Amino acid sequence: MKSYSFLKKYLLAATATAALLFSACDLDEHPTSFVGPKEYYKTRAQCLAGLNACYIPINSIYDYCFLIMTEGVTDLMYIASGTKDAQLDISPAKPLNGQKIWTQCYKGVMYCNSTIAAIERSPLNDIKESSEADKLPLLAEGVVIRSFYYWLLTCIFGDVPFYTKEVADQQVMQEIAHMGRMSAKETRDYLIDELQRYVPSMDQVRSSEVADNRMGAAMGWMMIAKLAQWNHRWGDALEALGELEKIYGDLQQYPLEDIMFRNKNTPESIFEVQRTYTPGGLSVTTNVAAITTPYHNGKGIYDGVEIPEMGTGMTTWTSMRPNSYFCDGLQTKKSNDKRKTLNMAWEYDGKPFSGVGTRPWLGPKFWCPGMQNTADFSNQKVFRYADAILMMAECYAETEDSDEAVRYLNMVRERAGTTAYVFKNKDALLEEIQKERGRELLGEFQRKFDLVRWGIWYQMTYEYTNYPTLKDNMLPCHEYYPIPDKEVVYSGGALDNKAYNEYGM
C-alpha cells in the first residue's frame, strides 16, 4: 500500500502510540487522561511508529474543500457550486472548512510535539552504543512535519497560537488552550531557525528516494524556503533552495507528464499526499477528482465523449473551471505551452466535449482513471522541484539579481516549450514570475497562499473571478480564514477575529 506506505507497516503500533500519547487532540477539547510514553520509544522502530501518527491528520486536510479554499477562490479558478467556501460565505460563526483545518493542524502539532519530546528522551536501545546523533534524523523528521502544520496554519489563519511544548497534563493543556494569536512572522522565524539546525542531519536525497515516502531533507529545505519567503528572508530561502538544487539537479530531466496527480512519487516530487485504493481492502482516498473531472453521466460518457480510461464507476460533482483570465490569457488553447493539455481539456482523443464552450474543463493532470464513486486515489501534488526553481527566480528578483532571476524563470519556460523571457524591469519580472507560477502550479493547493503573500489576493480575485456570487460576497478580510467562534470562546477571549469584526462579523 502507498498511503504513506509506512502507515500500513506500522499501523497498529502507530494507532497504539497515538492512543497512548494523545488523549486530547484539539485546542478546544478537554483532556480526560494523559499517559506518558516513558515505557515506549526505546527503539528506532518505536520512534518511527510515533512519527507515523504525526502524518495522519494530513490525509483529511487535502480534500475537495481544501482545493476550493486554496485554488477555487483565486484569479485562476472558480467553482459555481453551493459550497459556502466557494462563495466565501464564511464568518467566525460559519468557519466551514476552516474549523476542520484548525482541528486537524493542531492535532498534528500536538502529535509532533509529544513525539519529538519522547524521541529526545529515548535511549534507542536497539542501536549499540547509541548517541544523541542517532536521534537527529528522527527528531528532524518530527520538526519538518511540525513546520508543515504551522506553515498551513499561518497561510490560512495568519497569526495563530504557537507552541512546541509537550501536552503532558491538563494544566499544560489549559495553558495552551488560553493562548492568543502570535505573530506569524515570529512563528516562521522560529521554525526556519529550527529547521536549519536539523535538516542537515537527514539523508540529502530526493523525496522519491526516501523509504516509505516519508518527509526527508528535500521537504525540510522546501519548508525553510517557503517560510523564509513569507518573511522576506531572501538569503535564507536561496540557501535552502540551493541545497534542493544540489539534490535535484537540472529541471529538464523531469518529464512534464509526471506532474499528473495519477503519477505517484515521481523523481521531481518534493511532497505528495499519499492515496491508495484496493477494492475490499484498506484504502485512503480523497474526493478532489470529483470536482476536477468533466461531467459524467454514469455510463462512461463525460460531457458527451467516451473516455475509456476513466471507466464507468465515478461520480462527479459541480466542476471547478479555469477563469477566463487563465484560459484566455495566461495559458491559451492556441499557445505553444506544453502544459495546456495537462491543465485543461477542450476535447478527448480528438472529440470535442459537448458543453465546454469557450471555457475548458480541467485537464487530465487532475483526473483519476478508474475512480470508484467519489474515491479519488491519485496522489495530491503539494511541492515539486519546478516550484522551487520559480521560488529561486523570485528570490533573485527581490535581491536585484535580474540575470539569475531570468535564468531560473526560463528553466521552467524551456521545459514548457514557451519562449524565453527577456528582462525589462524588476516590477515586470516579478509580475511574470507570478504568472508563471500560475501556469506551472495550477491546482496544486497554493495559489491563494501566493496571492496573499504578495498582498494582491483581493485585487486579483475580485478583478478576474468569473463567479458573480463570489465577487458579491468577498471582502478584504477573507484573505485569511476566521478563527472559529468556538475556539475564541474556549480560549477565554484570548483569540480574536478583529479583521472580521470590522465588517460586522
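Throughout, numbering of the chain's residues begins at 1 and tracks the sequence. Note that the coordinates shown come from a computational prediction; the quantities given were computed from them, not determined experimentally.
- Counting non-hydrogen atoms of neighbouring residues, nucleotides and ligands closer than 6.0 angstrom, the CG atom of D472 exceeds 12 such neighbours.
- Checked against side-chain hydrogen bond (donor to acceptor under 3.5 Å, both in side chains), Q196 has the following partners two or more places apart in sequence or in another chain: D236.
- For K448 and W457, the positive end sits near the middle of the six-membered ring, less than 6.0 Å away and at most 45° from its axis.
- Under a 4.0 Å N-O distance rule, the pair E309/R262 qualifies as a salt bridge.
- Under 4.0 Å is where a charged nitrogen must lie from a carboxylate oxygen, and between K381 and E444 no such pair does.
- Heavy-atom neighbours of K351 NZ from other residues, nucleotides or ligands within 6.0 Å: at or below the threshold of 12.
- Residues H478 and Y458 keep their aromatic ring centres 6.0 Å or farther apart.
- Partners of D303 according to the salt bridge (Lys or Arg N to Asp or Glu O under 4.0 Å) rule, which considers only residues two or more places apart in sequence or in another chain, do not exist here.
- Cation-pi geometry between K365 and F261 is not satisfied (NZ or CZ under 6.0 Å from the ring centre, within 45° of the ring normal).
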**Study point:** F148 and F271: CA distance, side-chain angles, deciding distance, ring-ring contact (aromatic ring centres under 6.0 Å, His included) verdict
**Key:** CA-CA 11 Å; F148 179 67; F271 178 62; 5.3 Å; yes

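- The aromatic ring centroids of Y480 and F157 lie 6.0 Å or more from each other.
- No side-chain heavy atom of D376 sits less than 4.5 Å from a side-chain heavy atom of Y64.
- In summary, the aromatic rings of F383 and W151 are positioned with their centroids under 6.0 Å apart.
- Taking the six-membered ring for Trp and the full ring otherwise, the centers of Y106 and Y149 sit at least 6.0 Å from each other.
- Residues N343 and Q331 bring a donor and an acceptor atom of their side chains to less than 3.5 Å of each other.
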Check your understanding: Step by step, would you call F353 with Y348 a ring-ring contact (aromatic ring centres under 6.0 Å, His included)?
Key -> CA-CA 7 Å; F353 291 115; Y348 177 83; 7.5 Å; no

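- The number of heavy atoms from other shown groups lying within 6.0 Å of CG (N297) is above 12.
- For Y302 and Y295, the ring centers sit 6.0 Å or farther from each other.
- With salt bridges taken as basic N to acidic carboxylate O contacts below 4.0 Å, one links R339 and E436.
- With sequence neighbours excluded, the residues forming a side-chain hydrogen bond (donor to acceptor under 3.5 Å, both in side chains) with Y408 are E245, listed by chain and number.
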